[in-house]
Amino acid sequence: MSELLKVTHLQKAYGDNVVLKDINLSVKQGEVVVIIGPSGCGKSTFLRCLNGLEKIQGGEIAIDGSPVEAESRDISKIRQKIGMVFQSYELFPHKNVIDNLLLAPVKVQKRDKEEVKEEAQKLLAKVGLAGKEEFFPRQLSGGQKQRVAIVRALLMHPEIILFDEVTAALDPEMVQEVLHTMLKLAKSGSTMIIVTHEMAFARAIADRIVFFDEGEIIEETREVEQFFEKPKTDRARRFLRTFTFSKSEID
Amino acid sequence: MDSLGIDVLFKGTNFVRLLQGLWISVEISMISVAFSIVLGTVVGMFMTVRNRIVKIVLKTYLEIVRIMPQMVLLFIVYFGTTRVFQWDISAEAAAIFVFVFWGTAEMGDLVRGSIKSIPKIQFESAYALGMNKFQTYYYIIFPQTIRRLIPLSINLITRMIKTTSLVMMIGIVEVLKIAQQIVEANRNSSPNAAFGVFAVVFLLYFIVCWPISRFSVYLEKRWA
């Protein structure tokens with residue numbers, strides 16, 4: 001398997017506030033990388049750097065060998081290779097579902113409208129949203145909106161998809177439907193980087209776990225089960241413990 | 001109670017003249033509104049740029065327009081600049097210039113506010129789909145901006161129509177001026193004409209502005 005994404009010595013700072021210090025990570029084609037870590041550890045910022053939504057202060061990001069630079073003229077071309085799904089879905093509220101889906105493939109990639117439409121309908125059916133083409137975002141539930149957002153990203157045929165806490169804004173009963181969609185994607189061989197707080201999901205979907213804390217990669221492993229049972233670092237252990245309740249603590 | 005003085009409107013061509021005056025008011029406001037919307041959109045976009053000098057210049061412009069009474073602007077342009085710069089512009093042109101100067105600033109501010117009210121992440125979501133700046137504004141930002149903008153700009157349009165009554169101060173014979181002439185001319189025969197005639201003028205303004213504001217309500221509902 002070839003290397004699809006390569007991040008070397010990435011640094012990101014807002015003024016004096018260093019958010020990411022020297023991040024190195026490479027992702028192979030078909031790999032599912034899950035990034036976990038406490039709030040404010042820089043994991044979402046990291047994702048935003050990957051498709052050039054944030055300017056970086058040092059290091060390099062390359063996708064398929066071409067550099068990702070926030071202010072380069074080719075950035076919109078590069079971004080077509082990188083799908084992104086946001087926590088707050090960010091569907092376009094003035095367009096219905098099908099127009100949300102068709103806009104970028106037709107206007108940006110200049111693909112044939114009918115062909116994309118057919119593909120869009122197939123994908124909608126796959127995520128359980130057949131027949132919702134004419135609905136407007138405000139008529140959909142959070143979980144439905146997020147599934148539309150995922151389909152929207154997929155239709156661009158990206159080489160890698162970034163998921164930024166896509167279930168964090170959802171009601172618990174809708175989390176499952178979205179996670180299910182992502183699991184299916186992972187099985188179909190998509191390359192994904194997922195930032196999430198859903199530990200059980202992370203455990204189920206990850207080929208590799210990356211644990212961030214204070215802007216650094218603290219632990220990184222392909223031994224996913226091992227990581228959740230017995231993390232090597234103390235910080236990861238403490239972080240994982242915050243997800244479990246033990247009776248003794250309550251007493 | 002004496003007569004309401006509406007009868008004078010039926011003497012001779014009085015009512016027709018009043019309507020002609022109304023047309024002058026509507027004409028001046030429509031031309032001004034058209035220019036203000038186009039220029040205001042451009043100015044409003046410039047108001048959102050980060051360049052400090054551009055920001056300061058436009059902010060100063062907006063403040064001048066807000067602080068200065070429109071009538072003073074009319075006087076400066078029509079009585080002042082025509083002498084100082086020796087140019088020969090009609091009162092209508094001076095009026096349109098002042099209204100556009102005013103309307104562009106206010107429209108610009110409305111456009112700025114509407115663009116700013118679109119969450120930043122809507123831009124990012126468009127960029128993430130590979131759209132460039134132009135595509136993002138054209139397909140995503142402007143359509144949403146316009147929906148927010150229409151009720152606000154309609155408010156500005158009706159205010160402009162009402163404010164055209166000031167242009168009689170620089171000698172334009174518009175609806176209010178004609179009403180005044182009619183009242184003056186009939187002071188002896190119908191002393192109550194002031195009530196009747198001005199009440200009709202009030203009604204005429206209402207007839208012009210009301211459909212416009214209903215239209216805005218309709219659009220707001222449709223796009224809600």
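In what follows, chains are A, B, ... by sequence order, proteins preceding strands, each numbered from 1.
The local environment of CZ in F198(B) is crowded, with over 12 non-hydrogen atoms from other residues, nucleotides or ligands closer than 6.0 Å. Atom CD1 of I56(B) has more than 12 neighbouring heavy atoms from other residues, nucleotides or ligands inside a 6.0 Å radius. Heavy-atom contacts from other residues, nucleotides or ligands closer than 6.0 Å to CZ of F97(B) number 12 or fewer. Heavy-atom neighbours of H180(A) NE2 from other residues, nucleotides or ligands within 6.0 Å: at or below the threshold of 12. Applying the 6.0 Å contact sphere to CZ of F215(B) captures no more than 12 heavy atoms from other residues, nucleotides or ligands. The number of heavy-atom neighbours closer than 6.0 Å to OH of Y218(B), taken from other residues, nucleotides and ligands shown, is 12 or below. Taking a 6.0 Å sphere around CD of Q57(A), one finds it holds more than 12 heavy atoms contributed by other residues, nucleotides or ligands. With a 6.0 Å radius and a threshold of 12 heavy atoms from other residues, nucleotides or ligands, F136(A) has its CZ atom above the threshold.
The shortest heavy-atom contact between M131(B) and V108(A) is CG-CG2, 3.6 Å. The two residues E90(A) and S125(B) make their nearest non-hydrogen contact at O-OG, 3.0 Å.
Looking only at distances, no side-chain donor or acceptor of E124(B) sits under 3.5 Å from a matching main-chain atom of F86(A). Under the 3.5 Å distance criterion, the side-chain polar atoms of H94(A) are matched with a main-chain donor or acceptor of Y139(B).
For I82(A), the part lying under 4.5 angstrom from a heavy atom of chain B is the backbone only. With a 4.5 angstrom heavy-atom cutoff, R152(A) touches chain B via backbone and side-chain atoms both. If you measure heavy-atom distances from Q135(B) to chain A, the contacts under 4.5 Å come from the side chain alone. Contact annotation for K95(A): only side-chain heavy atoms (C-beta onward) come within less than 4.5 Å of a heavy atom of chain B. Residue contact with chain B, scored on non-hydrogen atoms closer than 4.5 Å, involves the backbone of L91(A) exclusively.
Atoms CG and CZ, on L129(B) and F92(A) in that order, are 5.0 Å from each other to the nearest 0.5 Å.
Residues K133(B) and S76(A) fail the side-chain proximity criterion, which asks for heavy atoms closer than 4.5 Å. Counting only heavy atoms from C-beta outward, the side chains of I140(B) and L103(A) approach each other to under 4.5 Å. Two residues are said to be in side-chain contact when any heavy atoms from C-beta on lie closer than 4.5 Å; Y89(A) and I121(B) fail this criterion.
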